[in-house]
Amino acid sequence: MENALKTVGILAALAATTLAFPHPAAAKPFPAGIVNLMPIGHIYDHPWQNVNVDGMRIRMGWEDIETQDGVYNWHLIDDCLALAATNGKFIGLSVVAGIKSPPWLMGGDTFTDGSTTLNVATLSSPTANFVAADVGRRIDCEKFPPGTTIISRTSSVATLSAPATATKSGHLTFSILARHPGVPFRVLTAPDEGVMPVPWNPVVLTQWRAFVAALGARYDGNPKLRYVPMGGFSQTGECYLATQQADVDYFNASAVAAGYTATVDFSAGMVAWQAVTKTIINTYMTAFPTTPPFITVARPFPVDQGGVRAVNAIVAWGVDRYPGRFGIMNSQLHATSAPGYFATDAIYNNRQTQPTGAQFLCSSGSADNVARLSNSPPWGSNPLLSPYHAINNSFTAALNIGCRYVETYEADVTNSAYQTLLATQGAALKSREAP
């Protein structure tokens with residue numbers, strides 16, 4: 001009851017704020033320059049003192065912060081903002097829901113004393129007390145493939161449907177899902193990976209909105225926080241909801257069951273996705289009145305399922321509703337990025353008025369990655385560039401489509417051969433800080 005009242009109270013505060021300030025002006029400058037893209041969940045041993053780095057992007061999972069319903073672990077974000085203040089950087093902060101949703105939301109019990117052996121399909125724990133009813137339940141653990149189930153057990157050892165991918169002794173965190181009443185979830189179809197609840201489930205949406213409100217209440221006032229990529233309506237931080245037909249079918253059926261109706265242009269799943277995405281964007285905009293939230297443009301469903309039309313409709317709605325505040329980025333930057341593709345058009349067409357940015361498609365750390373950045377065979381038909389020119393030309397492409405910042409993989413940020421390049425391209429990006 002206490003947590004339910006907490007959620008109601010936060011959402012009531014959100015509603016009141018929305019009525020009082022429907023379109024608050026962004027008080028902070030737009031993020032601009034070179035942003036170091038840190039590995040997910042890691043913040044300490046990184047190039048905080050690199051003079052060619054203007055900002056740092058921190059990426060967290062909802063499960064890592066709201067460890068129990070209404071119980072928050074903020075210390076990594078707090079430490080990150082403190083480091084930003086010490087080192088003169090700004091921060092882009094994103095929290096992923098989707099496949100990083102907390103196990104307790106899905107009826108899970110979590111333990112921190114698991115042990116595994118590489119290529120052996122067992123999981124041991126002295127405290128999990130595996131029971132007969134656990135047979136058939138899903139295990140959520142980084143050392144097993146998503147969707148792994150318990151097929152037999154003793155009180156301290158579970159035999160699973162897949163072998164462990166690594167050996168870990170005594171300190172492994174894992175969860176047994178659906179031990180208690182919780183929201184329904186989907187095990188995504190390969191090659192996608194992960195377990196996620198349905199974004200428009202009323203409980204999921206209420207809990208996520210309460211989390212975003214708490215996040216904004218704690219951090220919007222920090223001057224080092226300059227942008228917030230949004231989550232909660234997709235698998236991860238991009239707009240992808242489903243790429244495989246089996247998952248498309250699942251989300252469409254879920255939407256129909258929830259009362260959404262297909263239209264001439266959109267399936268029921270895309271109608272539901274647009275509705276929940278608008279609700280979540282409104283929540284972010286209210287929770288972060290001085291910090292621009294960003295959408296990371298991608299297809300929520302495949303092209304032939306209306307995915308491009310749906311995300312384009314959301315971008316147009318967001319720009320119209322939140323002029324000067326609705327940030328737009330994509331995570332596919334490469335040397336041939338240019339207007340004419342929906343994910344770059346969203347940036348280019350709004351570059352004069354909205355906060356804009358991009359994330360590199362990949363680093364230049366391997367021959368295959370350089371081919372991807374060059375859009376050369378097997379990824380495209382353009383000539384293969386050197387690693388240096390693949391990076392440099394990608395920055396130039398970002399400037400040409402109207403980006404103000406570029407999230408750059410740490411391997412490239414720390415490459416000594418790229419420092420002059422970073423200084424030059426960073427200066428060009430920073431010249432666009434103002435709208």
Side-chain angles (χ1 to χ4, degrees), residues 39-42 59-64 67-68 96-199 201 204 231 234-238 240-251 253-254 302 368:
I40 295 175
H42 295 264
R59 299 174 290 171
M60 306 293 293
W62 184 11
E63 63 185 354
D64 301 317
T67 54
Q68 300 176 48
V96 172
I99 63 172
K100 295 295 184 179
S101 297
W104 55 259
L105 186 63
M106 296 172 278
D109 282 338
T110 298
F111 306 89
T112 58
D113 58 1
S115 296
T116 59
T117 302
L118 177 65
N119 295 327
V120 175
T122 59
L123 172 62
S124 302
S125 166
T127 62
N129 188 27
F130 298 107
V131 296
D134 288 332
V135 174
R137 287 176 174 152
R138 307 283 184 177
I139 291 289
D140 182 19
C141 176
E142 64 178 2
K143 305 305 181 188
F144 293 95
T148 297
T149 59
I150 298 173
I151 59 175
S152 65
R153 53 28 104 194
T154 66
S155 62
S156 61
V157 180
T159 301
L160 306 182
S161 61
T165 57
T167 297
K168 182 80 171 179
S169 298
H171 301 287
L172 178 65
T173 298
F174 70 94
S175 300
I176 307 170
L177 301 183
R179 265 192 165 186
H180 311 284
V183 301
F185 53 85
R186 175 69 175 175
V187 179
L188 295 172
T189 305
D192 290 355
E193 289 190 352
V195 178
M196 65 174 291
V198 177
N201 177 280
V204 176
S234 53
Q235 293 181 23
T236 56
E238 299 174 78
Y240 292 114
L241 178 62
T243 68
Q244 305 303 304
Q245 190 61 49
D247 298 329
V248 170
D249 293 342
Y250 173 84
F251 286 114
S254 169
D368 184 63

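Below, each value reflects all heavy atoms present in this structure, side chains not excepted, and no hydrogens, waters or symmetry copies.
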Has [X] got a side-chain atom pairing as donor or acceptor with [Y]'s backbone, closer than 3.5 angstrom?
X	Y	result
S234	T236	yes
S125	A128	yes
T165	K143	yes
T167	L118	yes
S115	G170	yes
D247	T189	yes

Look up atom [atom1] in [X] and atom [atom2] in [Y], then write down how far apart they are to the nearest 0.5 Å.
X	Y	atom1	atom2	answer
R186	Q235	CZ	CD	11.0 Å
F185	N201	CZ	CG	12.5 Å
D249	S254	CG	OG	12.5 Å
L160	T122	CG	OG1	7.0 Å
T116	F144	OG1	CZ	5.5 Å
E142	T173	CD	OG1	7.5 Å

Could you tell me which non-hydrogen atom of [X] sits nearest to which non-hydrogen atom of [Y], and how far apart they are?
X	Y	answer
V157	F130	N-CD1, 3.7 Å
S175	T110	OG-OG1, 2.7 Å
D140	E63	OD2-OE1, 4.2 Å
P199	F251	CD-CE2, 4.2 Å
P197	V183	CB-CG2, 3.8 Å

Task: Presence of salt bridge, D64 and K100, under 4.0 angstrom - done: no
Task: Side-chain heavy-atom pair N129, S155 within 4.5 angstrom cut-off - done: yes
Task: Chi angles and distances behind the salt bridge (charged side-chain N to carboxylate O under 4.0 Å, His left out) call for D109, R179 - done: CA-CA 7 Å; D109 282 338; R179 265 192 165 186; 3.3 Å; yes
- [ ] Given side chain to side chain contact (heavy atoms under 4.5 Å, CB included), test L241 with M196 step by step and report yes or no.
- [x] CA-CA 10 Å; L241 178 62; M196 65 174 291; 3.9 Å; yes
Task: W62 and W104 aromatic ring geometry - parallel, tilted or perpendicular at 30°/60° bounds - done: perpendicular
Open item on the list: How about CD on Q244, more than 12 heavy atoms from neighbouring residues, nucleotides or ligands closer than 6.0 Å, or not?
Closed with: yes
Task: Over 12 foreign heavy atoms within 6.0 Å of CD, Q245 - done: yes
- [ ] Tell me, with the steps shown, if V195 and L188 meet side chain to side chain contact (heavy atoms under 4.5 Å, CB included).
- [x] CA-CA 6 Å; V195 178; L188 295 172; over 6 Å; no
Task: side chain to side chain contact (heavy atoms under 4.5 Å, CB included) assessment of L172 paired with L123 - done: CA-CA 10 Å; L172 178 65; L123 172 62; 4.2 Å; yes
Task: side chain to side chain contact (heavy atoms under 4.5 Å, CB included) evaluation trace for T148 with C141 - done: CA-CA 9 Å; T148 297; C141 176; over 6 Å; no
